[in-house]
Enquirer: 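Got a structure for you, written out below as structure tokens; questions coming shortly.
One-based numbering, in listed order, for ligands and for the atoms of each.
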Amino acid sequence: MDIIEICSHFKDYTVNFTDSLASIMEAYDKPESFFVLDRKIIELYGKELGADGQTGTDRGLPEDRLFIIDALEENKTVETALDICEKMTAMPSKRNTHLVSIGGGIVQDITGFVANVLYRGINWTFYPSTLLAGCDSCIGGKTSLNYKGYKNLLGTFYPPDEIVIYPGLYRTLTDRDYMSGLGEVVKFNVMAGKDGIDRIEKDMDSLLARDHDTVNDYIQRSLTFKKDFIEEDEFDKGRRILLNFAHTFGHAYEVSSAYEIPHGSAVALGMVTANRVSSKREMLNTDFAERIEAVCRRILKLKLKEEWFADDTILGAIRKDKKQVDTAIRAVLMDNDLTLHIVKDLADDEVKDAVAYIREYILTCK
Ligand SMILES: NC(=O)c1ccc[n+]([C@@H]2O[C@H](COP(=O)([O-])OP(=O)(O)OC[C@H]3O[C@@H](n4cnc5c(N)ncnc54)[C@H](O)[C@@H]3O)[C@@H](O)[C@H]2O)c1
Ligand SMILES: [Zn+2]
């Protein structure tokens, strides 16, 4: 597997691929290493990791340097971050402390924040354990915490020093979490244009079957695609905003369903919604939009409730999104050349029409 190198204003960092969890164990013997793990990872891979103090190498996961997180949105808070800091300040090492974390986006957001603020920044290594984290969020350096009921209100930029991807971890994801990751994979391929959509139509069976080589290939492609945007515009001021394609509506669907629709699945729905606005504006031909809808239908296997798609709720949620700045709504839309544009003048009626379209569309997702 190729190594992906990312240039960053903080420090350049790398994404490596591995076929086991052995490299984590090398850090057990180093007194400056501290571990933050998703509880699911301990449950599913505890034996492999020596969470019971027993491994093939007889170096168990050190309990005094371990913090376990239940990956729930209500735990993605500054309180959890401070609990980790408290446990870490008891270690003899200080600025050379090295944080190692294994988990999905929730664990990533919390540990990235801790690594950023503790001693004004320590080294950290991240093992993304969900497809969503592996194909998307692990690079780009965003850290976010929920605050006073607001999602991702507190945040910083602080990329890991190293990301290690072990795709074997994605085999144990529930269908819900795996399909959510596929939502972002599909988004990147649609953004890549005609070749991307041709490719993903062809490979969808293998992706759904979690075929090892196909999944690896799409993770590499997704990260390589995103790399370009974040290297050019690390702090989200220009071109990186295009990566927000499908997210204006996607975030609103996450909120309106009280997060029952996971992030990547909401992005898939957001893509269909954005394309409907583009088609109505005659920016995008309906043939292409329908191909994307057909691909998304294959990964939207959740129970989607009509009540989550009420026009006023969605409009209200979009207006509250921190990325909206004026009264007219902003979104990223695709045109017939499959080029993306930041559009700043969406009218309420256009949004209502697109959300009504989604209410019909979800009836075809079973
Ligand atoms: N920082 C960023 O750039 C960024 C980008 C997108 C999303 N996010 C955030 O990421 C979070 C969502 O992350 P996510 O979708 O990766 O999921 P998650 O961290 O919420 O985890 C989803 C579920 O999968 C479980 N899990 C994790 N690894 C597993 C494995 N290998 N096998 C079985 N189960 C496993 C978790 O315990 C949890 O139940 C949200 O809070 C979102 O705001 C952050
Ligand atoms: Zn996303």
Enquirer: Looking at ligand 1, would E184 count as a contact under a 4.0 Å heavy-atom criterion?
Expert: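 Outside the 4.0 Å threshold, so no.
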
Enquirer: What part of I106, side chain from CB on, backbone N/CA/C/O, both or neither, has a heavy atom under 4.0 Å from ligand 1?
Expert: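 Contact part for I106 vs ligand 1: both backbone and side chain.
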
Enquirer: Of all the atoms in ligand 1, which lie at a distance below 4.0 Å from a heavy atom belonging to E73?
Expert: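 The list of qualifying atoms is 40 (C), 41 (O).
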
Enquirer: Quick one: do S23 and Y166 satisfy side-chain hydrogen bond (donor to acceptor under 3.5 Å, both in side chains)? Show the steps, please.
Expert: CA-CA 10 Å; S23 59; Y166 169 37; over 6 Å; no

Enquirer: Does the distance from a Lys or Arg side-chain N to an Asp or Glu carboxylate O, for K187 and E184, drop under 4.0 Å?
Expert: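 A salt bridge is present here (some side-chain N lies under 4.0 Å from a carboxylate O).
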
Enquirer: Where's the contact between I41 and ligand 1, heavy-atom distance under 4.0 Å: side chain, backbone, both or neither?
Expert: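 Side chain only; the backbone of I41 stays clear of ligand 1.
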
Enquirer: I need the contact type for K40 against ligand 1. Using non-hydrogen atoms and a strict under-4.0 Å cut-off, is it side chain, backbone, both or neither?
Expert: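 Contact part for K40 vs ligand 1: side chain (C-beta onward).
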
Enquirer: Going by the side-chain hydrogen bond (donor to acceptor under 3.5 Å, both in side chains) test, which pairs reach into residues 68-79, not counting sequence neighbours?
Expert: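 For residues 68-79, and leaving out neighbouring residues, the side-chain hydrogen bond (donor to acceptor under 3.5 Å, both in side chains) pairs sorted by first residue read R39-D70, E73-N146, E73-K151, K76-D109, K76-N152, T77-E79, T77-T80.
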
Enquirer: Number the atoms of ligand 1 from 1 as they appear, then name those within less than 4.0 Å of a heavy atom of T130, with their elements.
Expert: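 Ligand 1 atoms under the 4.0 Å threshold to T130: 14 (P), 16 (O), 17 (O), 21 (O), 27 (C), 28 (N).
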
Enquirer: Under 3.5 Å, is there a donor-acceptor pair linking the side chains of S8 and E234?
Expert: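 A pair is found: one side chain offers a donor N or O, the other an acceptor, under 3.5 Å apart.
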
Enquirer: Ignoring hydrogens and geometry beyond distance, is a side-chain donor-acceptor pair present between Y170 and S129 at under 3.5 Å?
Expert: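 Short answer, no.
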
Enquirer: Have a look at ligand 1 and work out which part of N152, if any, has a heavy atom under 4.0 Å from it: side chain, backbone, both or neither.
Expert: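 Contact part for N152 vs ligand 1: side chain (C-beta onward).
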
Enquirer: Record the part of T172 in heavy-atom contact with ligand 1 below 4.0 Å; permitted values are side chain, backbone, both and neither.
Expert: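 Contact part for T172 vs ligand 1: both backbone and side chain.
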
Enquirer: For a side chain to side chain contact (heavy atoms under 4.5 Å, CB included) with T224, tell me which candidate from I4, D2, V15, I219 qualifies.
Expert: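 With T224 as partner, side chain to side chain contact (heavy atoms under 4.5 Å, CB included) holds for just one option, I4.
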
Enquirer: Taking the six-membered ring for Trp and the single ring otherwise, decide whether the centroids of F235 and H9 are under 6.0 Å apart.
Expert: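 So the answer is yes for these two rings.
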
Enquirer: So, Y127 versus E162: side-chain donor-acceptor pair below 3.5 Å or not?
Expert: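 Side-chain D/A pair, Y127 to E162: absent.
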
Enquirer: Do R330 and T248 have side-chain N/O donor and acceptor atoms under 3.5 Å apart?
Expert: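 There is no such pair (donor and acceptor under 3.5 Å, judged by atom type) between the side chains of R330 and T248.
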
Enquirer: For A71, counting its heavy atoms only, list the atoms of ligand 1 lying under 4.0 Å from any of them.
Expert: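 In order of number, 36 (C), 37 (O), 38 (C).
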
Enquirer: Using a 4.0 Å heavy-atom threshold (strictly under), name the region of K76 that reaches ligand 1: side chain, backbone, both or neither.
Expert: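 The side chain, only.
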
Enquirer: Is L173 touching ligand 1 with its side chain, its backbone, both, or neither, if touching means heavy atoms under 4.0 Å apart?
Expert: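 For L173, backbone and side-chain atoms both sit under 4.0 Å from ligand 1.
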
Enquirer: Which pair of heavy atoms, one from F188 and one from S222, lies closest together, and at what distance?
Expert: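 So the minimum-distance heavy-atom pair works out to CD1-CB, 3.5 Å.
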
Enquirer: Take H263 and S180 through the test side-chain hydrogen bond (donor to acceptor under 3.5 Å, both in side chains) and record every step on the way to the result.
Expert: CA-CA 6 Å; H263 180 79; S180 172; over 6 Å; no

Enquirer: As an exercise, identify every atom of ligand 1 less than 4.0 angstrom from a heavy atom of L44.
Expert: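 Those qualifying, in numeric order: 32 (N), 33 (C).
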
Enquirer: Could you list which atoms of ligand 1 come closer than 4.0 Å to a heavy atom of G104?
Expert: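 Contacts of ligand 1 toward G104, numbered from 1: 16 (O), 19 (O).
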
Enquirer: How close does the nearest protein non-hydrogen atom get to atom 23 (C) of ligand 1, and which residue and atom is it?
Expert: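 Of every protein heavy atom, D177 OD2, 3.3 Å lies nearest to atom 23 (C) of ligand 1.
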
Enquirer: For the Zn ion (ligand 2), count the protein N, O or S atoms found under 2.8 Å away.
Expert: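 Total protein N/O/S atoms under 2.8 Å from the Zn ion (ligand 2): 3.
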
Enquirer: With heavy-atom distances below 4.0 Å as the criterion, list the atoms of ligand 1 near K151.
Expert: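 Answer for ligand 1: 40 (C), 41 (O), 42 (C), 43 (O).
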
Enquirer: Which ligand 1 atoms does L169 reach within 4.0 Å, using its non-hydrogen atoms?
Expert: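 Reading through ligand 1 atom by atom, the close ones are 30 (C), 31 (N), 32 (N).
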
Enquirer: Mind checking whether K142 has an N or O less than 3.5 Å away from an N or O of ligand 1?
Expert: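 There is such a contact, yes.
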
Enquirer: Side chains of N116 and T156: any donor to acceptor distance under 3.5 Å?
Expert: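 Short answer, yes.
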
